[in-house]
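Heads up: the structure comes next, in structure tokens.
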Amino acid sequence: MEFHFVKLLQKMESKDKFTEADMIQWVNAKVKSAGKTAQIKTFKDLRDGLFLIDLLYAIRPSVVNYKFVTPGKTDEERMNNAKYAITVARKIGCNIFLVWEDIVEGKQKSLFCLIGELMTLDA
């Protein structure tokens, strides 16, 4: 599955190798272009779900409703944000290969695939 996304993203960028750093640069630029100030340094920074929701807003603003978003301070709030991010991603046509636990645990491979899928949807 990860191999599929890497190959697809390499075609999109026509680069020899596509890395996590390339994805992080893209998501930060995408979120900033939507007027949001949040930035990440690693996929572990996605654990509260807030940045993912901002990224989904940057891709398709009409689908995100911030009244369902919590501050992400407690385990329950992080869980709810992660579940909401997955719901929104599905609404915009994203193929989901992860569960909410993967987001709150910061599982790199799962998040790599999710971000890759969002990049292909936005292309």
Side-chain angles (χ1 to χ4, degrees):
M1 170 176 56
E2 184 177 350
F3 178 77
H4 165 74
F5 288 117
V6 171
K7 285 296 184 191
L8 185 60
L9 293 170
Q10 284 175 349
K11 286 180 187 175
M12 285 174 54
E13 295 291 320
S14 61
K15 292 175 72 171
D16 291 333
K17 189 169 183 164
F18 204 83
T19 66
E20 179 181 343
D22 295 322
M23 288 183 148
I24 289 172
Q25 182 180 5
W26 180 83
V27 297
N28 284 333
K30 188 69 183 174
V31 168
K32 186 176 182 179
S33 74
K36 302 290 182 179
T37 58
Q39 298 284 286
I40 64 168
K41 293 180 181 166
T42 70
F43 285 154
K44 296 257 185 220
D45 296 338
L46 300 173
R47 290 185 283 190
D48 63 7
L50 295 172
F51 187 86
L52 277 176
I53 293 167
D54 285 346
L55 177 59
L56 290 160
Y57 175 83
I59 294 170
R60 204 76 48 81
S62 62
V63 181
V64 176
N65 185 341
Y66 278 95
K67 79 175 188 176
F68 297 113
V69 180
T70 67
K73 303 276 186 223
T74 66
D75 288 342
E76 185 176 357
E77 288 177 346
R78 287 187 286 276
M79 174 191 70
N80 289 335
N81 287 344
K83 287 180 176 181
Y84 184 63
I86 289 171
T87 299
V88 171
R90 282 189 180 122
K91 276 186 179 180
I92 66 172
C94 187
N95 294 313
I96 302 295
F97 297 105
L98 80 165
V99 293
W100 67 266
E101 290 96 337
D102 294 337
I103 295 172
V104 298
E105 292 172 10
K107 291 192 176 175
Q108 183 176 358
K109 288 183 181 181
S110 298
L111 291 167
F112 185 88
C113 291
L114 175 63
I115 299 299
E117 181 73 15
L118 291 172
M119 290 176 83
T120 60
L121 283 175
D122 191 53

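Position 1 is the first residue of the sequence; numbering continues from there.
- In terms of heavy-atom proximity, R78 sits nearest to K73 at NH1-O, 2.7 Å.
- In terms of heavy-atom proximity, L98 sits nearest to I86 at O-CD1, 4.2 Å.
- Contact between F51 and V31 at its shortest, heavy atoms only, is CZ-CG2, 3.5 Å.
- Taking every heavy atom of both residues into account, M79 and V104 meet most closely at N-CG1, 4.1 Å.
- In this structure, the side chain of Y84 does not engage the main chain of V64 through any donor-acceptor pair within 3.5 Å.
- Atom SG of C94 sits about 11.5 Å away from atom CG of D122, to the nearest 0.5 Å.
- In this structure, NZ on K83 lies 11.5 Å from CD1 on I103, to the nearest 0.5 angstrom.
- In E101, the CD atom is crowded: over 12 heavy atoms of neighbouring residues, nucleotides or ligands sit closer than 6.0 Å.
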> Under the side chain to side chain contact (heavy atoms under 4.5 Å, CB included) criterion, do I53 and Y66 qualify, and how do the steps go?
Replying inline: CA-CA 9 Å; I53 293 167; Y66 278 95; 3.9 Å; yes
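- Summarising the geometry of A85 relative to L56, their closest heavy-atom pair is O-CD1, 3.3 Å, with the distance given to 0.1 Å.
- Proximity of I92 to L118: side-chain heavy atoms (C-beta onward) are separated by under 4.5 Å at one or more points.
- Here E117 contributes atom CD and F112 contributes atom CZ; the two are 12.5 Å apart, rounded to the nearest 0.5 Å.
- Residues I115 and V99 are members of separate hydrophobic clusters, defined by side-chain heavy-atom contacts under 4.5 angstrom among Ile, Leu, Val, Met, Phe, Trp and Tyr.
- For the pair I24 and F43, the minimum side-chain heavy-atom distance is below 4.5 Å.
- For G49 against N81, the heavy-atom pair with the smallest separation is CA-CB, 4.0 Å.
- The cluster map of Ile, Leu, Val, Met, Phe, Trp and Tyr, joined by side-chain heavy atoms under 4.5 Å apart, puts V63 and L121 in the same cluster.
- The main-chain N or O of K44 is found under 3.5 Å from a side-chain atom of R47 such that the two form a donor-acceptor pair.
- Of the candidates D102, L55, I96, L114 forms a side chain to side chain contact (heavy atoms under 4.5 Å, CB included) with just one, namely I96.
- For the atom pair NZ (K107) and CG (L46), the distance works out to 15.0 Å, reported to the nearest 0.5 Å.
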